[in-house]
Each structure stands twice: as structure tokens, then as C-alpha cells.
Amino acid sequence: MPPYAQIVIGPPGSGKSTYCNGMNQFLSSIGRYSMIINLDPANDQLPYDVTIDIRDYITLEEIMDETNLGPNGGLVFAMQTFKESIEEFISEVRLLIKRNHKAESAYLIFDCPGQVELYTNNDIVSQIFRILQKDLDFRLVVVSLTDSINIMKPSSYISSLLLALRSMLQMDLPQINVFSKIDLLKGYIEQERYGRVKPPKEKGTTTDDGLPFSLEYYTQVQDLKYLLPYLEVEENNTRTNFFKRKYYKLNEAISDLIEDFSLLSFEVLSIEDKNSMISLLAIIDRANGYSMGSNELGNDTIWEDAVRQSSVANFLQDINIHERWVDEKEKYDEVERIRREKQFKEATNNEELLNQTIDPEKDWEDALKKWETSTGKPAFKV
């Protein structure tokens, strides 16, 4: 079977390493054996057990000392140097795949650098993965993370759209765009609710909860023209507002460009929410073809049970994401907390039953007494 992989990209602070760690643990819990490969030569504090680390080949600190480059230039130079001597890395990945005896095919998670230029203006990362595709027949999908705080400011949101669109065109691979840390969004809204300057209400907008539009508007990337008035007055600053009004046509052209491509949409993710993880993984599996391989029918029986027994099909489809993560977040969090407690108690009870000492003689005596009580007759004639 061919190896499968997730390529995790995103700006600094978007939660890439946390995602890799959480996804690896989640895959392990559903019976899918996975491994993490760190491709960030600047990341020396990994929150997970790494299988292959690029820092064993090259580090950003070494490059900066040898070339007198800064962090950004040093990172680009490091990736270029790594690509020129990638044969040893490919050999190690190939050996890793061959040693994978716990599953029919290997499943890898690549934790990539946070410098966005590597996915927008420079094709070095896409070249590395094209080599992996060609030499090892990888089935790849890009998971592009964006911190959900970028939803709060129209300018940050449109910038995030441009970055996501550019990376999709540059990487030229199936890509799932994700607003990470969605569980923190309501806190962001509450912090800015009373400081936001609001223009006249447009058709279809909702301003009561602090966002000019529902969360679906931001994930579906539709009708960006409605966001432009908010872009002009997002900060109560005369100088910046004058600049934004002056360049209204430019903002309008950028919005039209994004809509003309019609490529963008976003999923939402809370790394600690089981239903959120199940929903995202199902989309990723369809994107890289994992759900269509024999793995889904063979090894991942726990994954099938998780999808079937979870409330994703009935629960998430019956509500909208704005209700789940903004309007009624506390209610759904409480439902999730009760569900987890119930599962924990059931697991604890099952473990206690398994650990109970079986006494055949006692069980036989108890059965006889029960029969005598129910029939009123002695079990043995004296």
C-alpha cells in the first residue's frame, strides 16, 4: 500500500506543533499507527516524540552562524541546503516505511516551518514534497492552519485568505484550510465586542454577538463585498481609516480576485474536541484518498466505530458552527463534558469487571442458591 501523509503548514502561532501532537494521539486512539516528521530546522522544542527530525541534518542556528543571515533568510537557506542533500533523508523515510509493521501502509505527519514565504513566494518546500511523491509514491494532503483570531479583523481575515490561496497555488496539492483554536473565538469576541466601530448594518449581518457576520460567512468565503465597509472602520484611528478609504478600490480588487478563484473554504478545529477532530479527519481522508483504500475497510475498525458512534453525523450536521462555537458554546461544552464523564465511568466499570477474580465454585454456589430461591426446591436431595 502507498504511504499517506499530512503536510501541516501555517503562520507562526497557528498551532502547527500542537496540531501534529494532537492528531498523532487521536490517530493512535482510533487504531491508526502514525509518525511525526519535523521539517522545521528552527523548532528545538517539540511537544511530541519525533520519528525523524530535520535538525539532525541541519539547524537554523548553524546556518545563521555560518552565513551571517537573519532568521528569515537563514530558514530559506537552510531549506535549500536540505533539499540539495535530500537523498539521505529520503533513504531514512523509505526505511521507516519498510519497517512499519503495525499497519498495511505508513501514515506520516510533516510538521513544517512557520515562515509563510516558503509556501507563497518560494517553491523549495513544494519541490521537497514533489520529490517524496515521485520517489516514494506518497498520497499527500496539505493542512493549512490559520489562528481563528484572524476572523476578528477584516484586514487580517483577507490577508489570511490571500496566504491560503497563494499556498494552494504554490503547493499544487489537495489542501484543507482550517481555522484553528476555534474554541477561543468566543473569548476574542467578548474582548472586542464593546470596542468595535460598526458601520450601518448590511443585509444579512448580525452584530449582536460582536462579529459582523455569522461564522459560516467566514468559513465559506462568500460575498466579500459585504466585509469592505467594516474594513474601512475596523480601528478607531483617523490616519488608518483615511488610508483604508483611499485604497478602497484596491481592497475591492483583492476581494474580487479571491472570489474569482472560488477555491477557498475553511473548516474549524478545536484540538481537544473529539467531534471536531473526527469531522476534520474524515475530510482529510477523502482528500488524500485514505478513506478509499483498503485501510479504511481493514485496519481502522476503531475509526469506523468512532465515526458511527460519534454524534458527527447527527449532532454536527443538525447545528451550525456559529451556534456551536459562539452562540451556545457553553451549552455544547457542557454536553461534551457529560459525555466524556459517562465514557470514563463506563471504561472504569469495564476495567473493574475485567480485573475481577473469577471463582468458579462461588459462581456455582450462587447459581444453586438462585435456583433454589426461584423454585422453592432443594438443589440436592438429602
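With side-chain heavy atoms closer than 4.5 Å counting as contact, directly or through intermediates, Ile338 stands alone and belongs to no larger hydrophobic cluster. The hydrophobic cluster containing Leu163, built from Ile/Leu/Val/Met/Phe/Trp/Tyr side-chain heavy atoms closer than 4.5 Å, also comprises Val116.
Closest of all the heavy-atom pairs between Pro41 and Met79 is CD-SD, 3.9 Å. Minimum interatomic distance between Tyr119 and Gln170 (heavy atoms only, all atoms of both residues): O-CB, 3.1 Å. Taking all atoms of both residues into account, the shortest heavy-atom contact from Ile36 to Cys20 is CD1-O, 3.5 Å. Here the closest non-hydrogen pair linking Ile63 and Gly74 is CG2-O, 3.6 Å. Residues Asp183 and Lys329 share a closest heavy-atom pair of O-CE, 3.0 Å. The heavy-atom pair separating Phe110 from Ala5 by the smallest distance is CE1-CB, 3.6 Å.
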Go through it in stages, so that I can follow the logic: the residues are Val221 and Leu161, the test is side chain to side chain contact (heavy atoms under 4.5 Å, CB included), and I'd like the CA-CA distance, side-chain angles, deciding distance and then a yes or no. CA-CA 8 Å; Val221 191; Leu161 297 183; 3.8 Å; yes
Verdict with reasoning, Val76 to Gln80, per side chain to side chain contact (heavy atoms under 4.5 Å, CB included): CA-CA 6 Å; Val76 173; Gln80 290 173 339; 3.8 Å; yes
Determine whether Arg94 and Ile90 satisfy the following criterion, side chain to side chain contact (heavy atoms under 4.5 Å, CB included), listing intermediate values before the conclusion. CA-CA 6 Å; Arg94 182 181 288 111; Ile90 291 178; 3.9 Å; yes
(request) Applying side chain to side chain contact (heavy atoms under 4.5 Å, CB included), run through Tyr332 and Glu323 and close with a yes or a no. (result) CA-CA 9 Å; Tyr332 288 108; Glu323 179 181 341; 2.6 Å; yes
Derivation of the ring pair (Phe, Tyr, Trp, His ring centres under 6.0 Å) call for Phe129 and Phe138:
CA-CA 9 Å; Phe129 285 107; Phe138 262 100; 8.4 Å; no
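Heavy atoms of other residues, nucleotides or ligands lying less than 6.0 angstrom from CD of Glu272 number 12 at most. Summarising the local packing, NZ of Lys225 is surrounded by 12 or fewer heavy atoms from other residues, nucleotides or ligands at distances under 6.0 Å.
Residues forming a ring-ring contact (aromatic ring centres under 6.0 Å, His included) with Tyr217 (at least two apart in sequence, or on another chain): Phe213. Residues meeting the side-chain contact (heavy atoms from CB on, under 4.5 Å) test with Asp65, sequence neighbours left out: none. With sequence neighbours left out, the ring-ring contact (aromatic ring centres under 6.0 Å, His included) criterion links Tyr218 to Tyr157. In this structure, the side-chain hydrogen bond (donor to acceptor under 3.5 Å, both in side chains) partners of Asp123, at least two apart in sequence or on a different chain, are Gln127. Qualifying side-chain hydrogen bond (donor to acceptor under 3.5 Å, both in side chains) partners for Ser144, counting only residues two or more places apart in sequence or in other chains: none. By the ring-ring contact (aromatic ring centres under 6.0 Å, His included) test, Tyr48 is found to be paired with no residue, residues two or more places apart in sequence or in another chain being considered.
To the nearest 0.5 Å, atoms OG (Ser167) and CG (Asp172) are separated by 11.5 Å. One distance of note links CG of Leu69 with CG of Leu75; it measures 11.0 Å at 0.5 Å rounding. Taking CD1 from Ile54 and CG from Leu60, the interatomic distance works out to 10.5 Å, rounded to the nearest 0.5 Å. Distance check: Ile182 CD1 to Ser270 OG gives 9.0 Å after rounding to the nearest 0.5 Å. With rounding to the nearest 0.5 Å, the separation of CD in Glu267 from CD1 in Ile283 is 3.5 Å. Between the CG atom of Leu162 and the CD1 atom of Ile254 there is a distance of 5.5 Å, given to the nearest 0.5 Å.
Using a distance-only test at 3.5 Å, with no hydrogens or angles considered, no donor-acceptor pair links the side chain of Arg32 to the main chain of Leu27. When atom types are taken as modelled, the side chain of Ser279 and the backbone of Asn275 share no donor-acceptor pair closer than 3.5 angstrom. Between the Ser148 side chain and the Lys181 main chain, a donor and an acceptor come within less than 3.5 Å of each other. Distance alone, capped at 3.5 Å, places no donor-acceptor pair between the Ser214 side chain and the His322 backbone. A donor-acceptor distance shorter than 3.5 angstrom exists from the side chain of Thr219 to the backbone of Glu216, with no hydrogens or angles considered. Listed for the Asp223 side chain is no donor-acceptor partner under 3.5 Å among the backbone atoms of Tyr226.
Residue pairs meeting the salt bridge (Lys or Arg N to Asp or Glu O under 4.0 Å) criterion with at least one partner in residues 126-145, sequence neighbours excluded, are Asp137-Arg139. The side chain to side chain donor-acceptor pair (under 3.5 Å) pairs that include a residue from residues 252-266 number zero, where partners must be two or more places apart or lie in different chains. Contacts classified as side chain to side chain donor-acceptor pair (under 3.5 Å) and involving residues 10-19 (residues at least two apart or in different chains) are given here: Gln6-Tyr19, Ser17-Asn43, Ser17-Asp111. The salt bridge (Lys or Arg N to Asp or Glu O under 4.0 Å) pairs that include a residue from residues 39-55 are Arg55-Glu61, where partners are two or more places apart or lie in different chains.
With Leu165 as the partner, the side-chain contact (heavy atoms from CB on, under 4.5 Å) test is satisfied by one option alone out of Leu263, Asn177, Thr120: Leu263. Partner Ile176 forms a side-chain contact (heavy atoms from CB on, under 4.5 Å) with one of Leu280, Leu269, Val142 and no other, that one being Leu280.
For the pair Cys112/Val8, no side-chain contact is recorded, criterion being any heavy-atom separation below 4.5 Å from C-beta on. When side chains are defined from C-beta on, Asn21 does not count as touching Ile271, because their heavy atoms never get closer than 4.5 Å. Residues Tyr107 and Asn288 have side chains in contact (heavy-atom distance under 4.5 Å, counting atoms from C-beta outward). The shortest side-chain heavy-atom distance between Val178 and Thr146 does not fall under the 4.5 Å cut-off. Looking at Ile151 and Leu215, their side chains come closer than 4.5 Å, going by heavy atoms from C-beta outward. Counting heavy atoms from C-beta on, the side chains of Glu336 and Asp333 never come closer than 4.5 Å. Using a 4.5 Å heavy-atom threshold, the side chains of Leu224 and Ile258 count as touching. Side-chain contact check for Asp147 versus Tyr188: some heavy-atom pair is nearer than 4.5 Å.
Two different hydrophobic clusters hold Leu95 and Tyr57 under the rule that ILVMFWY side chains link at heavy-atom gaps under 4.5 Å.
Contact check on Lys186 versus Glu330 returns a salt bridge, with a Lys/Arg side-chain nitrogen under 4.0 Å from an Asp/Glu carboxylate oxygen. Ion pairing between Lys331 and Glu334 fails under the 4.0 Å rule for side-chain N and carboxylate O. At a threshold of 4.0 Å, the pair Glu341-Lys345 does not count as salt-bridged, since none of the basic side-chain nitrogens sits closer than that to a carboxylate oxygen.
In this structure, Phe82 has its ring center under 6.0 Å from that of Phe89.
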